[in-house]
Amino acid sequence: MVKKGRIVAFFVIVAILAGIIGQTAMGITKEIKLGLDLQGGFEILYQVKPAEDTGEEEEITDETLRATVSALNQRVNVLGVSEPNIRIEGDDRIRVQLAGVEDQQTARELLATEADLTIRDVHDNVLVDGSDLRQNGASASFRADTNEPIVSLTLADARKMEEITREMLSRPSSENLLVIWLDFEEGVDSYANEVGKPDPKYLSAAVVQEVIPSNTATISGSFTVEETQFLAEVLNAGSLPVQLEELYNNSVGASLGEQAMEKTVFAGFIGIALIFVYMLFYYRFMGMIAIITLSTYIYLVLLIFNWMNAVLTLPGIAALILGVGMAVDANIITYERVKEEIRAGKSIMSAFKAGSRRSLSTILDANITTILAAAVLFSYGTSSVQGFAVMLIVSILTSFVTAVYGSRVLLGLWVNSRALNKKYRLFGVKEGEINEL
């Protein structure tokens with residue numbers, strides 16, 4: 001006697017899954033953050049060196065690396081990049097990954113500039129340095145009388161500018177200059193060498209005409225509005241405590257990333273569609289169950305990846321497709337076991353129970369070994385390899401739930417309803433292949 005309640009339960013479960021996936025799948029895919037290889041951006045690997053060459057070997061400590069990462073994060077915030085990836089690698093390297101950056105050249109200049117601001121006299125003596133600035137004390141503005149783009153500086157000590165300008169007025173006119181430098185190199189740069197050049201290395205050299213009774217100063221010159229904004233942002237982000245030497249860079253244009261995304265997704269759809277056709281053709285009814293569980297698996301992987309706030313990259317998509325293969329493999333092992341039991345002469349229900357039980361250890365061993373390999377990749381791999389490993393681990397754990405338990409639940413509802421009794425062809429087994437008990 002057919003137990004129709006189990007069949008109804010099957011269709012209810014499938015309808016609920018279809019409704020949830022249909023209503024939320026597009027929203028989840030849009031929320032997933034894409035890596036720079038999918039939306040464009042760039043990646044730079046820096047080697048960290050001491051800020052000044054003192055002739056002595058200076059050690060780059062963990063504290064120095066963390067301070068550098070903090071300074072770089074401040075600068076990235078200026079660019080408005082969502083979810084930047086800046087991390088320490090090894091003892092003296094920092095990798096920066098910025099996805100979705102359109103003006104990559106400006107971003108690279110912003111990251112690499114040391115931003116060591118100094119105001120000096122004509123003899124290169126330091127009068128003011130970056131530590132004298134108020135926090136976020138630099139801003140882009142315009143001169144009131146000429147509307148010329150300038151950078152306004154606000155010092156932490158209101159009396160310092162007054163003291164400096166008063167002292168400058170007491171000097172001869174040839175020495176009455178406030179020379180503003182960015183990244184002045186001791187022993188290399190000097191006002192005397194730069195003053196006659198059409199494009200000197202210093203930012204500006206202002207004549208002090210009167211005592212400035214406030215804590216403000218201005219940097220003026222032949223600047224564009226964009227240049228004053230850039231300079232103000234660099235100064236507010238702070239100077240780097242080290243020198244950064246670029247060892248490697250990888251740049252992906254936005255259009256190229258979009259093309260890569262479209263081609264990869266298209267190839268993924270083709271691959272998954274071929275898997276579905278194969279499963280349906282070779283395993284018949286069990287193949288239909290596999291299609292349902294695999295669709296659920298893909299949805300759950302994307303959902304979990306989104307919950308993890310992870311970044312999806314091309315290797316991540318490859319791991320997702322590989323996970324589909326792992327999930328299919330689990331289904332094939334189970335279904336082949338069931339078919340073997342049917343060929344041995346067992347009933348559909350007995351074959352299902354024996355096949356499911358005997359295939360579990362094989363599936364479990366395969367998944368555990370793959371997870372161990374993925375864990376090693378995550379521990380010792382670089383960024384793209386780690387992304388692949390994370391997606392692979394998520395895929396394997398999810399496939400174990402859907403392909404093993406989900407498939408058993410759905411197929412078990414039909415088997416236990418007795419509606420499939422003696423319908424061997426629905427399991428891909430011909431009656432002539434079945435041995436007598």
Side-chain angles (χ1 to χ4, degrees), residues 1-21 272-301 323-368 395-437:
M1 179 179 176
V2 177
K3 300 178 181 179
K4 296 182 179 179
R6 297 181 183 273
I7 298 176
V8 172
F10 170 84
F11 284 110
V12 169
I13 293 174
V14 172
I16 292 174
L17 290 174
I20 294 174
I21 294 174
I272 292 172
L274 290 175
I275 291 173
F276 285 0
V277 170
Y278 171 81
M279 294 297 291
L280 194 61
F281 174 79
Y282 197 75
Y283 293 102
R284 311 294 172 84
F285 187 82
M286 293 188 296
M288 184 193 71
I289 299 295
I291 291 174
I292 296 172
T293 56
L294 287 173
S295 300
T296 305
Y297 152 79
I298 295 172
Y299 170 80
L300 289 177
V301 168
V324 174
M326 295 289 293
V328 169
D329 188 50
N331 282 323
I332 289 175
I333 292 173
T334 301
Y335 296 164
E336 284 296 334
R337 283 286 189 176
V338 172
K339 290 172 69 174
E340 287 177 5
E341 299 296 336
I342 293 175
R343 293 190 184 102
K346 292 185 178 180
S347 66
I348 296 296
M349 184 176 294
S350 297
F352 168 71
K353 291 180 179 178
S356 299
R357 182 179 66 254
R358 293 176 180 176
S359 63
L360 181 60
S361 60
T362 303
I363 297 171
L364 187 61
D365 291 344
N367 286 340
I368 289 176
S395 299
I396 292 172
L397 295 177
T398 307
S399 70
F400 191 81
V401 174
T402 57
V404 177
Y405 293 103
S407 180
R408 289 184 182 185
V409 169
L410 294 179
L411 185 58
L413 289 173
W414 279 94
V415 170
N416 293 320
S417 72
R418 304 182 186 277
L420 302 179
N421 284 358
K422 297 185 178 181
K423 296 180 180 179
Y424 307 114
R425 288 185 175 273
L426 290 179
F427 291 82
V429 179
K430 298 178 181 179
E431 293 183 4
E433 299 174 346
I434 302 173
N435 298 325
E436 296 293 334
L437 290 175

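Note that the numbering runs from 1 along the sequence shown for the chain.
Both tests do not hold together for K339 against Y424: distance to the six-membered ring centre under 6.0 Å, angle to the ring axis within 45°.
Minimum interatomic distance between I7 and A419 (heavy atoms only, all atoms of both residues): CD1-CB, 3.9 Å. Nearest heavy-atom pair across E336 and Y283 is OE2-OH, 2.7 Å. Closest non-hydrogen pair, R358 versus K346, comes out as NH2-NZ, 4.1 Å. L413 approaches A9 most closely through the heavy-atom pair CD1-C, 4.2 Å. A pairwise comparison of heavy atoms in I21 and T296 identifies CD1-CA, 4.2 Å as the closest pair. The minimum heavy-atom distance linking S395 with G323 is given by the pair CB-CA, 3.8 Å.
Note that CG of N416 and CZ of R6 are 5.0 Å apart. Values are rounded to the nearest 0.5 Å. For the atom pair I291 CD1 and L280 CG, the distance stands at 4.5 Å (nearest 0.5 Å). Interatomic distance, CD1 of I363 versus CG of D329, reported as 8.0 Å (0.5 Å rounding). The distance from atom CE of M286 to atom CG of N331, rounded to the nearest 0.5 Å, is 9.5 Å. Within the model, atoms CD1 of I13 and CG of L410 stand 6.0 Å from one another, a figure rounded to the nearest 0.5 Å.
Partners of I298 by side-chain contact (heavy atoms from CB on, under 4.5 Å), not counting sequence neighbours, listed by chain and number: I272, L302, V324.
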Between S417 and F10, is a side-chain contact (heavy atoms from CB on, under 4.5 Å) present by the stated rule, with each step listed?
CA-CA 10 Å; S417 72; F10 170 84; over 6 Å; no
Going through the checks in order, is the side-chain contact (heavy atoms from CB on, under 4.5 Å) test met by M288 and M279?
CA-CA 7 Å; M288 184 193 71; M279 294 297 291; over 6 Å; no
Between T334 and S356, does the side-chain contact (heavy atoms from CB on, under 4.5 Å) criterion hold? Intermediate values first, please.
CA-CA 6 Å; T334 301; S356 299; 4.2 Å; yes
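Not one N or O on the side chain of R418 forms a donor-acceptor pair closer than 3.5 Å with the backbone of V415.
You'll find the side chain of Y299 reaches within 4.5 Å of the side chain of I20, heavy atoms only. Side-chain contact between K423 and I348: absent, with no pair of heavy atoms (C-beta onward) separated by less than 4.5 Å. Contact of the Y282 side chain with the I332 side chain is not registered, since no non-hydrogen atoms from C-beta on lie closer than 4.5 Å.
Side-chain polar atoms of Y335 and S359 form no donor-acceptor pair below 3.5 angstrom. Side chain to side chain, S350 and S347 meet the donor-acceptor criterion of an N or O pair below 3.5 Å.
The ring of F400 has its center closer than 6.0 angstrom to the ring center of Y405.
Salt bridge absent: E341 and K353 never bring a charged side-chain N and a carboxylate O closer than 4.0 Å.
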